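To keep things clear, I will list the structure first and then write my remarks on it.
Just so you know, these numbers come straight off a predicted model, no measurement behind them. Each chain gets a letter, A, B and so on, in the order its sequence line appears, and its residues count up from 1.
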Amino acid sequence: SPLHPICDARVMEKFIKEARDTENAMEGCTNSCNLSEVLTVPDTKVNFNEWKKMDRQTQAAEVWGGQALLSAAVLRARDLVPDPSLSQQLGRTYSNLRGVTQILRSHNAQVEPALPPAPPPTLGIQTLAKLLSVHSNFLRGRVKLFLTDACRPDTR
Amino acid sequence: QEGAGPDNGFNIQAALLLGEEPLDPKCFTRCLEDLTCFWESSSPPSATEYGFFYVVEGDAPQRCNLSVARTPWNSTRFTCIFPPQDTPSFTPLHVGAYTGNSSNIVHARTIMVNQVVLLDPPSNLTARATESPGQLTVSWQPPSLRYLESSLRYEVAFAPEGAERQMVDIPDGRTECLILNLRGRTRYALAVRVKPDGVSYSGYWSAWSAPVTVVT
Amino acid sequence: QEGAGPDNGFNIQAALLLGEEPLDPKCFTRCLEDLTCFWESSSPPSATEYGFFYVVEGDAPQRCNLSVARTPWNSTRFTCIFPPQDTPSFTPLHVGAYTGNSSNIVHARTIMVNQVVLLDPPSNLTARATESPGQLTVSWQPPSLRYLESSLRYEVAFAPEGAERQMVDIPDGRTECLILNLRGRTRYALAVRVKPDGVSYSGYWSAWSAPVTVVT
C-alpha cells in the first residue's frame, strides 16, 4: 500500500541528528573501526548551482541510487565489524536508513526515469568513521534537498 | 527471554494496550529502537503449539521465540521481543501468530513501528499556585525520546479532592501550562500523560504520571 | 577580480569573520552557490609570491587567482573567489595558501561549504507596543534561501536608549517574538541577526539588521 507523501520536517531532522551523533561517536575510533574490505558508497558532494538545474527525475535517480548503495554498505559493515556494540550501532543506522528509504518511496523516488541517467559518482571507503561521515552528509545533503523540493507546494 | 523491563512495568503497559488496542497481536515500541508484540489468552492451547512470524516488507519472513507468562488477571501472555535491527520506522511490518506448523494463523496484522508508540509517562510533575487566585502553573519533564520532543502532545488531568476530574490538552510538545478559573483555597490533584502527536508518529496514551497535589 | 559585492559589503563580512573565525584562510558562502576565502596580513611578502590551492575530495588540486586589496584597517587582504562549479557542499574541501612554488604552505584548512554560511541580515524588522504595558511584539523577514528555510535561528538584541543591551534567542526558525517585562513608556532600540541552526548547515552570525526604535 503506497504511503502518503511524508513532509514532516521533524522526521528527517531526527534521522540527521542521530546520524551526526553516530558520526561523532566514531571520530576517535581507529583499529576496531577499520573495515576488512573496501565498501562502495555514494559521493556526497552537492553543487547547489548544478542541483538547481537538474530535473526532478535525475535528482530522484541520484538520491535513490545513492540511498540503495549506502544502505547496502552499512549492512555489510554491520556484518564485518567484530565489536558487538559497534555492530548494534550500525544495525540501528541501517534501521534508520530503511525508514528514509520509505520516505523517499512516498515521493516516488524509486520510479525509473525514461532515460537512464549517468551513474552517480561513488567512492571507496575502508573505515567506519568515513562510512558514518558519508551517511551523515548524504542525509543532510542530497536526501534533504530532494525532500525539500518534493514537499514544496509549487511544482518545479 | 523476559518481558521488556521488570515484569510489573510490562503488566502496566500490557493493561494499557489491552484497553486501547482491539486487534491482536498488540504491539508497541517505547523509543522507536525496540518492538514488542504480545497477546493474551484465557484458555490457550498447549504453550509450545504457538508460533510467531514477522515480515519486514522487503525481507524474508522470520520467526520469533515466544516467551510465556501468567498475568495478574489469570490469563496466559505470549510475547515476542524483536531484535533491534528489525524495527524500521515507516516500513510495513506484517506480524502473525499461528498454531501447528504455521498452518493455522490465529492472529495477523500489519503495523508500522512509528505508529505504535507507547512512551513512559512524563516525570517531575510540579504545580504551583501563582499570585492570581484560582490559578496554577504546571510543568513536567518529557519522556526521553531523543529529538522528537516537539512531536508530542500531553494531557493534564486535574480535580479538586473527591470531585470529577477535568482534562486539558497541551499540543506542540510544550511541557508547561497555566490553568485558570480554579476554585480558590482548594486542594487539587493533578497528573499528566503523553502521546505522539499523530503527524508522523502515533500510538497510545502513556500511563498517567505520579500525581501531585497542590492548594490554590 | 574584485571582492564579492561592493567593497564595503565585503569589508563588513570580512570584519565579522575576523572576529568569529580564528583559522586562516577564512571562508564563507552567502547563499551556498558561492564560496570566498581570504586572509589578511599586516606585513605580507610581495603579493605576487602568494598562491592559493584547493582540493575537492576525490578531484585533482586546483589553483585560484588571488585578488589583493588594502583594508580600511591598513592590512593587505588576499582573496580567492571560487568558480561556481567548484563550490561543493557536504564534502570535505581542503584549501591552502602558499608562498614560493607551493613549497611553503602558510595556511591550510579543511572546510565544508555548508558549514561556513554567512547570511545577509534579516530585513523588515518591525516592533510594536501591545495593549499590555512593557511588552513588544517583534517580527522580521527571513533571508530568502530555499534550502535553509527551516534551518535558521535568530537573536534579537534590545536596549533602552543608552543602557546595556540584552539578547533573546529565537530557535526553530520563528520570525517573531514577544518581549515581556520591559520598562513602560521608554524608547527601545532593537536589532536582529540570523545564523544556520547547526544541524545540516552551520556558520557565522550575520551582521545585525538595520535597527528600529519603538516606545513601549
Audit row: E33(C), E50(A), side-chain contact (heavy atoms from CB on, under 4.5 Å) steps and yes/no: CA-CA 9 Å; E33(C) 295 170 19; E50(A) 285 162 19; over 6 Å; no

With side chains defined as the heavy atoms from C-beta onward, is the minimum distance between N47(A) and T87(C) less than 4.5 Å? yes

Need one label for L145(A): side chain, backbone, both or neither, based on atoms under 4.5 Å from any heavy atom in chain C. both

Can you name the residues that form a side-chain hydrogen bond (donor to acceptor under 3.5 Å, both in side chains) with D86(C), not counting sequence neighbours? Y54(C), Q62(C)

Portion of D172(C) that has a non-hydrogen atom of chain A nearer than 4.5 angstrom: neither

Among V46(A), T148(A), L123(A), residue most engaged with chain C (heavy-atom pairs, under 4.5 Å): V46(A)

Can you tell me which portion of T44(A) sits under 4.5 Å from chain C's heavy atoms? Options are side chain, backbone, both or neither. both

Would you call T29(C) and F48(A) a side-chain contact if the rule is heavy atoms closer than 4.5 Å? no

Within the structure provided, determine whether W51(A) and Y147(C) are in side-chain contact (heavy-atom separation under 4.5 Å). yes

Does the side chain of E13(A) come within less than 4.5 Å of V199(C)'s, by heavy atoms? yes

Would you mind checking which part of V56(C) comes under 4.5 Å of any heavy atom in chain A, side chain (CB onward), backbone (N, CA, C, O), both or neither? side chain

Residues E57(C) and K45(A) bridged, charged N to O under 4.0 Å: no

K52(A) and R146(C): CA distance, side-chain angles, deciding distance, side-chain contact (heavy atoms from CB on, under 4.5 Å) verdict: CA-CA 11 Å; K52(A) 274 192 336 183; R146(C) 182 195 188 97; 5.9 Å; no

Between S89(C), P88(C), P84(C), G58(C), which has the largest tally of heavy atom pairs under 4.5 Å with chain A? S89(C)

Chain C interface, residue from N49(A), D43(A), I16(A) that has the most non-hydrogen pairs under 4.5 Å: N49(A)

Stepwise, does the side-chain contact (heavy atoms from CB on, under 4.5 Å) test hold for K144(A) with S151(C)? CA-CA 11 Å; K144(A) 188 165 163 180; S151(C) 304; 3.3 Å; yes

Could you tell me which non-hydrogen atom of R20(A) sits nearest to which non-hydrogen atom of G198(C), and how far apart they are? NH1-O, 4.3 Å

